[in-house]
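First up is the structure itself, then whatever we jot down about it.
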Amino acid sequence: MGLFKFIKSAGAKIFGADKNSKENSVKVAGEQEKSEEMENERAARKLEETIRDLSLKVENLKITIKNEMAKISGKALDQTTREKVILVVGNVEGISQVEDNMEVDRKEPEAVFHTVERGDSLSKIAKEHYGSANKYQIIFEANKPMLTDPDKIYPGQVLRIPALKE
C-alpha cells in the first residue's frame, strides 16, 4: 500500500477531449463540478475495463478518481499484478497520484519504479539498474502487456524494474 506519484501530462488519454476546454470553463460551478465527477467516473470505469482486458487478476477491483488522484482497491493475485495495475492507472494523462489500497494474495519482492526520461531506452535503463544493457528484455517482460514493443517507451512513462532472480 502506498502513494505513487506520476507525471500528470504524460500517458494515455482516457479523459474526454473537452476536459479543459473553454466550454467547460464558462459553466456554472455546480454544473462544471457535476460534469467533472461524471467524467472521472467514466474514466475510472474505462481503467477497470482496461485492467480486465489486460487479464490482470484483481478481485473486487474498484477505482475512483478525484482531483488528479486515483484510488485503487481490491485483491490482486500477486505483487506483480498489483504493480502493473498501479502503472496502468498512473500512466494516464491527468493522473498525478495513485493511492494503492489493494491487498495481495501471494507476496513477492517489490519492484522499483523508473520514470522514463528523454533519451532513455530499455537497454539504457537495464544498464543503469542491472549493470548490463543486454538485460533490457527483463524490463520489457516485466511491463507486458502494457508494453507491446521494447522500442516504444515515452518520457514520463513509469516502468517496473523487478529485482533480478538469483
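Keep in mind it's a predicted model, so treat the numbers as computed, not measured.
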**Prompt:** Passes side chain to side chain donor-acceptor pair (under 3.5 Å), Thr81 versus Asp78? Steps please.
**Reply:** CA-CA 5 Å; Thr81 301; Asp78 53 27; 2.7 Å; yes
**Item:** hydrophobic_cluster_shared for Tyr154 and Ile125, side chain cutoff 4.5 Å
**Value:** no
**Request:** Look at the side chain of Arg82 and the backbone N and O of Val104, then say whether any donor-acceptor pair between them is shorter than 3.5 Å.
**Result:** no
**Request:** Give a yes or no answer on whether the side chain of Glu83 reaches the backbone of Ala111 with a donor-acceptor pair at less than 3.5 Å.
**Result:** yes
**Prompt:** Yes or no on side chain to side chain donor-acceptor pair (under 3.5 Å) for Glu99 and Asn101, after CA distance, side-chain angles and deciding distance?
**Reply:** CA-CA 6 Å; Glu99 183 179 307; Asn101 297 311; 3.0 Å; yes
**Message:** Given 3.5 Å as the limit, does a donor-acceptor pair link the side chain of Asn143 with the main chain of Met146, or not?
**Reply:** no
**Asked** Would you say the side chain of Val158 lies within less than 4.5 Å of the side chain of Ile7, judging by non-hydrogen atoms?
**Response** no
**Request:** Report yes or no: do Phe140 and Leu164 belong to one cluster of Ile/Leu/Val/Met/Phe/Trp/Tyr joined by side chain heavy-atom distances under 4.5 Å?
**Result:** yes
**Prompt:** When rounded to the nearest 0.5 angstrom, what is the spacing between OG in Ser73 and CG in Leu61?
**Reply:** 7.0 Å
**Message:** Test your reading of the model: is there a side-chain donor-acceptor pair from Asp120 to the backbone of Glu117, 3.5 Å cut-off?
**Reply:** yes
**Asked** Once you round to the nearest 0.5 Å, how far does NZ of Lys152 lie from CG of Leu122?
**Response** 13.0 Å
**Asked** Can you tell me how far the NE2 atom of His114 sits from the CD1 atom of Ile153, to the nearest 0.5 Å?
**Response** 7.0 Å
**Item:** Heavy-atom closest pair, residues Ile65 and Ala43
**Value:** CD1-CB, 3.9 Å
**Prompt:** Can you find a heavy atom in the side chain of Ile51 that is under 4.5 Å from one in the side chain of Val89?
**Reply:** yes
**Request:** Let me see the working for Glu108 and Thr80 under side chain to side chain donor-acceptor pair (under 3.5 Å), right down to the final yes or no.
**Result:** CA-CA 8 Å; Glu108 300 172 347; Thr80 298; 2.8 Å; yes
**Request:** Would you indicate whether the side-chain heavy atoms of Ile72 and Lys62 approach each other to under 4.5 Å?
**Result:** no
**Side chains of Leu159 and Leu87 in contact at under 4.5 Å (non-hydrogen atoms)** = no
**Prompt:** Taking everything shown except Asp149 itself, do over 12 heavy atoms lie less than 6.0 Å from its CG?
**Reply:** yes
**Prompt:** For Met69, does the CE atom sit with more than 12 other heavy atoms under 6.0 Å from it, leaving out its own atoms?
**Reply:** yes
**Complete:** Scanning both residues in full, the closest heavy-atom pair of Ala133 with Ala126 reads O-CB, 4.0 Å
**Pairing of Lys46 and Glu49 as salt bridge, 4.0 angstrom limit** = no
**Asked** How many angstroms lie between atom OH of Tyr136 and atom CG of Asp151, to the nearest 0.5 angstrom?
**Response** 8.0 Å
**Message:** Tell me whether the rings of Phe113 and Phe4 are parallel (<30°), tilted (30 to 60°) or perpendicular (>60°).
**Reply:** tilted
**Message:** For the NE2 atom of His129 and the CD1 atom of Ile139, what is their distance to the nearest 0.5 Å?
**Reply:** 6.5 Å
**Item:** Minimum side-chain heavy-atom gap Lys84-Pro145 below 4.5 Å
**Value:** yes
**Request:** Keeping the roles fixed (side chain from Glu103, backbone from Ala76), state whether a donor-acceptor pair exists under 3.5 Å.
**Result:** no
**Prompt:** Is there side-chain contact between Arg160 and Ile86, with at least one heavy-atom pair below 4.5 Å?
**Reply:** no
**Prompt:** Below 4.5 Å, heavy atoms only, C-beta onward: do Val92 and Ile95 meet side chain to side chain?
**Reply:** yes
**Asked** Between Leu47 and Val88, what is the shortest heavy-atom contact and its length?
**Response** CD2-O, 3.9 Å
**Item:** Rounded distance (nearest 0.5 Å) linking atom CG of Asn40 with atom CD of Glu68
**Value:** 10.0 Å
**Verdict with reasoning, Gln79 to Glu110, per side chain to side chain contact (heavy atoms under 4.5 Å, CB included)** = CA-CA 7 Å; Gln79 185 65 27; Glu110 290 184 20; 3.5 Å; yes
**Message:** Under a 3.5 Å distance rule, please check whether Arg45 uses its side chain to pair with a backbone N or O of Ile63 as donor and acceptor.
**Reply:** yes
**Request:** Would you check if Leu3 and Asp100 make a side-chain contact, meaning some heavy-atom pair closer than 4.5 Å?
**Result:** no
